[in-house]
There are 2 protein chains.
Amino acid sequence: MAHVLIIGGGPAGCSAALTLRLRGADVTILRAGPSALEKAKRVDNYPGLSQMSGSDMQKNFDEQIKEAGVQEKNGLARLIQKTRKGFTVLAGDDMIKCDAVLLATGIGRVARLVGEDTLVGQGVSYCATCDGMLYKGRPVAVVAQDESFAEDVDFLRSICPVDYYMEKPHAAPEGVQVIDGKPKALRAEGEQVILTSENDEKPYDCVFILRPAVAMSTLLPKLEMNGEAVKVDEKMRTSVEGVFAAGDITGAPYQAARAVGQGNVAALAIAQYLNEKEKA
Amino acid sequence: MAHVLIIGGGPAGCSAALTLRLRGADVTILRAGPSALEKAKRVDNYPGLSQMSGSDMQKNFDEQIKEAGVQEKNGLARLIQKTRKGFTVLAGDDMIKCDAVLLATGIGRVARLVGEDTLVGQGVSYCATCDGMLYKGRPVAVVAQDESFAEDVDFLRSICPVDYYMEKPHAAPEGVQVIDGKPKALRAEGEQVILTSENDEKPYDCVFILRPAVAMSTLLPKLEMNGEAVKVDEKMRTSVEGVFAAGDITGAPYQAARAVGQGNVAALAIAQYLNEKEKA
């Protein structure tokens with residue numbers, strides 16, 4: 001049975017999951033945190049659920065996908081790689097194999113440091129577990145957006161000296177060496193990366209950037225964008241064959257009803273894609 | 001306050017109505033009969049309403065739009081006319097004035113007689129109440145698709161001799177002169193229209209064609225189509241400024257979730273249109 005990975009479990013992801021289950025696909029929803037819907041105080045314009053809080057709506061959707069036999073995983077998708085037979089998605093520390101991918105992660109705004117893009121894999125890493133051991137005993141920095149990465153930071157501190165920078169104010173993991181001042185920019189200097197913050201600059205062998213989201217250009221570098229939105233056609237197909245997108249990630253208006261509709265259209269296009277692939 | 005007329009009360013129409021109410025518009029939904037959703041045995045892929053019959057879903061939507069203060073009318077939209085300030089829509093025997101129109105009538109397949117298009121207003125009419133008196137005492141034909149026009153037929157019979165043809169088999173109104181054989185084609189001959197049926201041809205001063213749907217080319221002749229679907233852009237705008245479309249009328253896939261999403265997008269585009277119009 002074909003396996004579809006849906007990255008994001010908000011209205012678009014849940015809608016697509018229901019339709020794909022009806023079409024006989026195995027479906028996994030991967031979540032990296034709460035959906036935008038969950039944070040909505042009240043939604044007054046979703047047909048069928050009257051004047052409900054976003055979190056109650058999301059609970060309702062979640063129960064429905066569970067009943068439909070959708071598998072659920074937690075983890076941040078870090079990289080989508082095309083393979084001969086389909087895709088491998090690096091999610092948290094797992095590798096998930098699938099035949100098609102639906103991007104339904106919500107608005108994809110990810111602030112980046114100046115110079116960050118060009119240094120990925122060359123002294124900049126998004127994954128402590130993946131790359132930590134390469135820097136055992138050497139000086140590294142962690143740039144963290146929030147407190148959700150305490151475990152990664154603990155692991156790094158167990159193998160090397162760590163300086164901790166905060167992109168946004170939050171409670172730092174206990175005992176960590178916090179460097180004052182917001183991180184700003186990165187540049188290479190010999191084998192090292194210089195991290196410039198509001199107050200200072202310091203060299204590191206590696207800078208681990210830990211955010212609850214990954215920029216699309218990191219997740220799937222070949223993906224065509226429309227500004228910050230993923231470019232899709234009328235069937236919600238992206239520029240990468242086998243990768244589809246639905247919901248807020250495709251741009252405004254940011255509405256649950258629209259996301260549900262796009263998820264539905266994407267699911268039917270994925271079913272068609274899998275069907276044609278099987279025949280070929 | 002701006003007034004939006006939504007033609008059709010299925011998922012697309014109800015979704016648009018909810019969002020337009022939130023945006024402060026007066027909204028009327030005009031229905032000519034049950035929605036396609038109402039006839040669906042069960043819907044398994046609509047987020048929020050789990051494994052429900054189509055008629056229960058529709059009831060749910062209907063309650064919600066009532067609560068939201070949406071006005072509802074029954075009647076078949078026969079003609080949309082652009083006026084200097086907005087639109088006048090001929091609905092049943094009423095004229096409804098509005099600032100914008102949303103077409104959400106569902107799949108728009110309407111079988112037509114050969115030659116019908118060219119004779120509208122020249123011996124072919126879709127409205128007994130509107131045009132009947134013009135033919136007082138003169139021989140007319142009624143071509144009816146189903147039994148829902150008994151009242152129109154009674155009115156015509158009270159003022160002139162009527163022959164009754166059936167497009168599809170149904171119970172004819174009591175006492176009417178039924179002509180055997182399906183109606184096929186129309187052509188002009190002098191001041192009269194010749195109606196050709198399977199068995200015969202006969203001349204009439206007017207042929208009244210009574211169907212529970214009106215072809216888009218009759219409703220709004222300037223509207224651009226994509227085959228049988230109304231052509232829309234990504235904001236659900238049609239080729240006629242101020243007229244939008246959502247749901248099955250825009251083509252496949254025919255799905256409630258998709259219709260709800262399109263209704264939402266259309267409503268936001270209508271709100272923007274009304275806003276810009278008010279400023280201008």
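Remember, predicted model here, so these are calculated numbers, not experimental data. In what follows, chains are A, B, ... by sequence order, proteins preceding strands, each numbered from 1.
- In terms of heavy-atom pairs under 4.5 angstrom with chain A, the leader among B:S15, B:A259, B:A16 is B:S15.
- At a 4.5 Å heavy-atom cutoff, the contact between A:E67 and chain B is made by side-chain atoms alone.
- For the set A:I65, A:V265, A:L22, the count of heavy-atom pairs under 4.5 angstrom toward chain B peaks at A:L22.
- Minimum heavy-atom separation, A:L18 to B:D44: CB-O, 4.4 Å.
- To the nearest 0.5 Å, atom OG1 of residue B:T19 and atom CD of residue A:Q255 are 5.5 Å apart.
- Heavy-atom neighbours of B:R23 CZ from other residues, nucleotides or ligands within 6.0 Å: at or below the threshold of 12.
- Taking CD of B:Q262 as the start and CD of A:Q262 as the end, the distance is 10.0 Å to the nearest 0.5 Å.
- Residue-environment remark: CD (A:E147) exceeds the threshold of 12 foreign heavy atoms within 6.0 Å.
- When every heavy atom of A:Q64 is checked against every heavy atom of B:L49, the shortest pair comes out as NE2-O, 3.5 Å.
- Remark: A:Q51 CD is packed, more than 12 non-hydrogen atoms of other residues, nucleotides or ligands lying under 6.0 Å away.
- For A:N60, the part sitting under 4.5 Å from any heavy atom of chain B is the side chain, from C-beta outward, and nothing else.
- For A:K231, the NZ atom sits in a loose shell: 12 or fewer heavy atoms of surrounding residues, nucleotides or ligands are nearer than 6.0 Å.
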